[in-house]
Novice: 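The structure under discussion is supplied below as structure tokens; questions concerning it will follow.
Residue numbers begin at 1 in each chain, while the letters A, B, ... track the order of the sequences.
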Amino acid sequence: MAEPLGGSDEPLHRAFFARPVLTVAPELLGRVIIHTTHEGVVAVRLTEVEAYDGERDPGSHAYRGPTPRNAVMFGPPGHLYVYFTYGMHWCANAVCGSPGSASAVLLRAGEVIEGVDLARRRREERRQRQSRDPAATAVRRSVSGHELARGPARLTTALGLDGTQNGADMCGATAGLSIGAGWPPGAEDVRTGPRTGVGGAGAALPWRFFLDGERSVSPYRPAVTRRRRGP
DNA sequence: AACCGGATCGTCT
DNA sequence: GACGATCCGGTTG
């Protein structure tokens, strides 16, 4: 499974991101986002994303026009828009479309396929910082690859992304950040649904895309095939 | 499995 | 001054 991460996995070109966001979003599934720091490398295979379609989309941060926060969304495609929410979480988006269209794809979930130890360490450090009583939470559970990036904030934690990477170019050679070709999905594996936490007019739009049968797909509970206990 | 509250702060009204 | 593209742990059933 390490094969595609070698030299053969070329970063997606800017032209990939320059297309309409609803075209790009499903095609990001199965791709591998890689972040390299002095700590090491973490690679995440994307399994769930959401499209946010610029200024006309009520669910989009760009809906009410440009602000200091969303400025990156209005810039060129192929860059990363990272924002802070709930007083403690970071979420990452890939800017898409033509410059000024202010559309982006929220990276909601994935599976850590390289750097699991580093990702787990980052999660643990975060828990320590947040906990009011670190001693009480010292119980370290083993966290597997598909849980480490399950959810948008966990995904950024695993990759080591925060406000520092807001605006970072994912198509440049020096960023340490890129999305590789990965294992692009067949259309038959892509599912859609309403976006999480988006109400109002945007609530009905099926702009969440995810891979069928992936355990890392975060909050999805469709036909929750709840098995009952033994007879 | 479902529900609940707590943590915590930048952003925009 | 309210709230959010959230997560976690605890409790209940």
Novice: From the options L211(A), V32(A), L155(A), select the one residue that forms a side chain to side chain contact (heavy atoms under 4.5 Å, CB included) with L46(A).
Specialist: L155(A)
Novice: How would DNA chain B look in dot-bracket form, 5' to 3', counting Watson-Crick and G-U wobble pairs with both distances under 3.5 Å and writing | for bases paired to another strand?
Specialist: |||||||.||||.
Novice: Would you say the side chain of V49(A) lies within less than 4.5 Å of the side chain of R31(A), judging by non-hydrogen atoms?
Specialist: no
Novice: Once you round to the nearest 0.5 Å, how far does CZ of R56(A) lie from CG of D53(A)?
Specialist: 4.0 Å
Novice: Between the base of dA5(C) and the ring of Y83(A) - centre-to-centre under 5.5 Å, planes within under 30° - is that a stack?
Specialist: no
Novice: To the nearest Å, give me how far apart CG (L148(A)) and P (dT6(C)) are.
Specialist: 19 Å
Novice: M88(A) CE to dT6(C) C1': how many Å, rounded?
Specialist: 8 Å
Novice: Quick check: closest heavy atoms across W90(A) and L161(A), and the distance to 0.1 Å?
Specialist: CB-O, 4.1 Å
Novice: Whether E214(A) and R45(A) form a salt bridge (side-chain N of Lys/Arg under 4.0 Å from carboxylate O of Asp/Glu) is what I want to check.
Specialist: yes
Novice: Does R127(A) place a side-chain N or O at less than 4.0 Å from the phosphate oxygens OP1/OP2 of dG9(C)?
Specialist: yes
Novice: Below 3.5 Å is the cut-off: list the nitrogen or oxygen pairs between protein and nucleotides 11-13 of chain B, distance only.
Specialist:
from	atom 1	to	atom 2	distance (Å)
dC12(B)	OP1	T67(A)	OG1	2.3

Novice: In whole Å, what is the span from the CZ atom of R208(A) to the P atom of dT6(C)?
Specialist: 11 Å
Novice: Once you round to the nearest 0.5 Å, how far does OH of Y52(A) lie from CG of N93(A)?
Specialist: 8.0 Å
Novice: Provide, to the nearest angstrom, the distance between the CZ atom belonging to F210(A) and the P atom belonging to dA5(C).
Specialist: 20 Å
Novice: Residues two or more places apart in sequence or in another chain: which of them pass side-chain contact (heavy atoms from CB on, under 4.5 Å) with T36(A)?
Specialist: I34(A), V41(A)
Novice: Under 4.0 Å between a Lys/Arg side-chain N and an Asp/Glu carboxylate O for R195(A) and D57(A)?
Specialist: yes
Novice: Measure the distance from CZ on R123(A) to C1' on dC8(C) and round it to the nearest whole Å.
Specialist: 10 Å
Novice: Give a yes/no on whether any side-chain N or O of R126(A) is located under 4.0 angstrom from OP1 or OP2 of dC8(C).
Specialist: no
Novice: Rounded to the nearest Å, what distance is computed from the NE2 atom of residue H89(A) to the C1' atom of nucleotide dG10(B)?
Specialist: 14 Å
Novice: dT6(C) phosphate, OP1 or OP2: any side-chain N/O from R108(A) under 4.0 angstrom?
Specialist: yes
Novice: Using whole Å, report how far OH of Y81(A) lies from C1' of dA5(C).
Specialist: 9 Å
Novice: Take the protein atom CG of D162(A) and the nucleotide atom P of dG10(B), then report the distance between them rounded to whole Å.
Specialist: 14 Å
Novice: Restricting to non-hydrogen atoms, name the atom on V112(A) and the atom on A149(A) that form the minimum distance, rounded to 0.1 Å.
Specialist: CG2-CB, 4.2 Å
